[in-house]
Amino acid sequence: MIRHAVLAILFALAVVSPALAGEPQPHRVAIQVSENDPARMNLALNNAINIVKTYQGRKQPVEVRIVTFGPGVTLVRADTSPLATRVKSFVDGVPEVSFDVCDNTLAALHKAEGKEIPILDGVTHVEAGAVTLIDLQEQGWSYLRP
């Protein structure tokens, strides 16, 4: 009986050990941008780049998702973003950082403004920004709201 238990433990370790010895899991953080405030938007971008630089300096993988919804979608609007150039530089040069825009918010803006809302290239559409944040947290992502 003990022999079987020992064999079962050894088998489990043989299966699990290679996974543990593989690539380290990335640090993952979701940053909420839900206000049309250039200072807070800039703070979110500063947080993102500082997080990336810190973990890169430690030689550790990192992923950052900036999730925009409500008034915060202004950050990624091609027509009104006060930080469009900076967002483009992230999209083009910082692959560890990605941007999401809430389709629920875009639908409401389309209705209110009577036109399609142009979004910067490289931004991913998500059904609902708030739900995306919930989903990411349930998947183990850290959450930050600057």
Side-chain angles (χ1 to χ4, degrees), residues 7-146:
L7 288 174
I9 290 170
L10 289 174
F11 177 75
L13 288 174
V15 171
V16 173
S17 293
L20 295 176
E23 289 292 316
Q25 290 295 319
H27 299 277
R28 299 177 306 170
V29 62
I31 299 177
Q32 175 178 331
V33 175
S34 58
E35 296 178 43
N36 185 5
D37 177 355
R40 290 193 79 137
M41 293 174 185
N42 224 0
L43 181 58
L45 296 176
N46 290 343
N47 289 160
I49 199 64
N50 288 337
I51 289 166
V52 169
K53 286 180 180 178
T54 298
Y55 285 120
Q56 284 180 338
R58 294 178 184 178
K59 308 280 191 254
Q60 298 173 355
V62 61
E63 297 174 34
V64 178
R65 282 180 67 177
I66 297 176
V67 182
T68 66
F69 61 96
V73 302
T74 301
L75 175 64
V76 295
R77 282 185 66 156
D79 59 344
T80 61
S81 176
L83 300 171
T85 302
R86 190 156 186 224
V87 171
K88 288 177 188 177
S89 72
F90 271 81
V91 169
D92 294 340
V94 188
E96 297 84 1
V97 177
S98 61
F99 294 83
D100 294 337
V101 64
C102 173
D103 280 343
N104 285 342
T105 300
L106 293 179
L109 288 171
H110 174 79
K111 186 175 181 180
E113 296 182 22
K115 65 176 186 173
E116 289 296 319
I117 307 302
I119 299 301
L120 296 168
D121 290 339
V123 176
T124 301
H125 289 256
V126 296
E127 181 180 2
V131 173
T132 297
L133 288 172
I134 293 166
D135 291 344
L136 291 172
Q137 289 176 81
E138 288 175 349
Q139 295 167 23
W141 287 63
S142 298
Y143 166 78
L144 182 64
R145 182 176 181 210

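- Between L45 and I66 the shortest side-chain heavy-atom distance falls below 4.5 Å.
- Contacts classified as salt bridge (Lys or Arg N to Asp or Glu O under 4.0 Å) and involving residues 52-73 (residues at least two apart or in different chains) are given here: R65-D100.
- Heavy-atom minimum distance, V91 versus D121: CG1-O, 3.8 Å.
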Please list, one pair per line, the donor and acceptor atoms closer than 3.5 Å that link side chains of residues 124-132 to other protein atoms, with sequence neighbours excluded.
{"residue": "H125", "atom": "ND1", "partner": "D103", "partner atom": "OD1", "Å": "2.6"}
{"residue": "T132", "atom": "OG1", "partner": "A128", "partner atom": "O", "Å": "2.9"}

Requested in this report: Applying side-chain contact (heavy atoms from CB on, under 4.5 Å), run through I117 and V73 and close with a yes or a no.
Outcome: CA-CA 10 Å; I117 307 302; V73 302; 5.9 Å; no
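- Without hydrogens or angle criteria, T105 side chain to G70 main chain gives a donor-acceptor distance under 3.5 Å.
- Annotation: side chain of V52 is in contact with side chain of V97 (closest heavy-atom distance under 4.5 Å).
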Query raised in the report: Under the side-chain contact (heavy atoms from CB on, under 4.5 Å) criterion, do R86 and N42 qualify, and how do the steps go?
Result: CA-CA 9 Å; R86 190 156 186 224; N42 224 0; 2.4 Å; yes
Quiz: residues 75-84 side-chain donor-acceptor pairs under 3.5 angstrom, not counting sequence neighbours:
{"residue": "R77", "atom": "NE", "partner": "D79", "partner atom": "OD1", "Å": "2.9"}
{"residue": "R77", "atom": "NE", "partner": "T80", "partner atom": "OG1", "Å": "3.4"}
{"residue": "R77", "atom": "NH1", "partner": "E113", "partner atom": "OE2", "Å": "2.9"}
{"residue": "R77", "atom": "NH2", "partner": "D79", "partner atom": "OD1", "Å": "3.4"}
{"residue": "R77", "atom": "NH2", "partner": "D79", "partner atom": "OD2", "Å": "2.8"}
{"residue": "R77", "atom": "NH2", "partner": "E113", "partner atom": "OE1", "Å": "3.0"}
{"residue": "D79", "atom": "OD2", "partner": "K115", "partner atom": "NZ", "Å": "3.3"}
{"residue": "S81", "atom": "OG", "partner": "L75", "partner atom": "O", "Å": "2.6"}
{"residue": "S81", "atom": "OG", "partner": "L83", "partner atom": "N", "Å": "3.1"}
{"residue": "S81", "atom": "OG", "partner": "A84", "partner atom": "N", "Å": "3.1"}

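- Here ring-ring contact (aromatic ring centres under 6.0 Å, His included) pairs that include residues 33-54, with residues two or more places apart or in two chains, number zero.
- A search for ring-ring contact (aromatic ring centres under 6.0 Å, His included) contacts involving Y55 returns H27, not counting sequence neighbours.
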Query raised in the report: Going through the distances and angles, do E116 and L106 end up as a side-chain contact (heavy atoms from CB on, under 4.5 Å)?
Result: CA-CA 8 Å; E116 289 296 319; L106 293 179; over 6 Å; no
Residues 137-146 side chain polar contacts: donor-acceptor under 3.5 Å, at least two apart:
{"residue": "Q137", "atom": "NE2", "partner": "L133", "partner atom": "O", "Å": "3.2"}
{"residue": "Y143", "atom": "OH", "partner": "Q32", "partner atom": "OE1", "Å": "2.4"}
{"residue": "R145", "atom": "NH2", "partner": "E35", "partner atom": "OE2", "Å": "3.0"}

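- Contact detail for P26 and V62: the closest heavy-atom pair is CB-N, 4.1 Å.
- Counting heavy atoms from C-beta on, the side chains of I51 and E96 never come closer than 4.5 Å.
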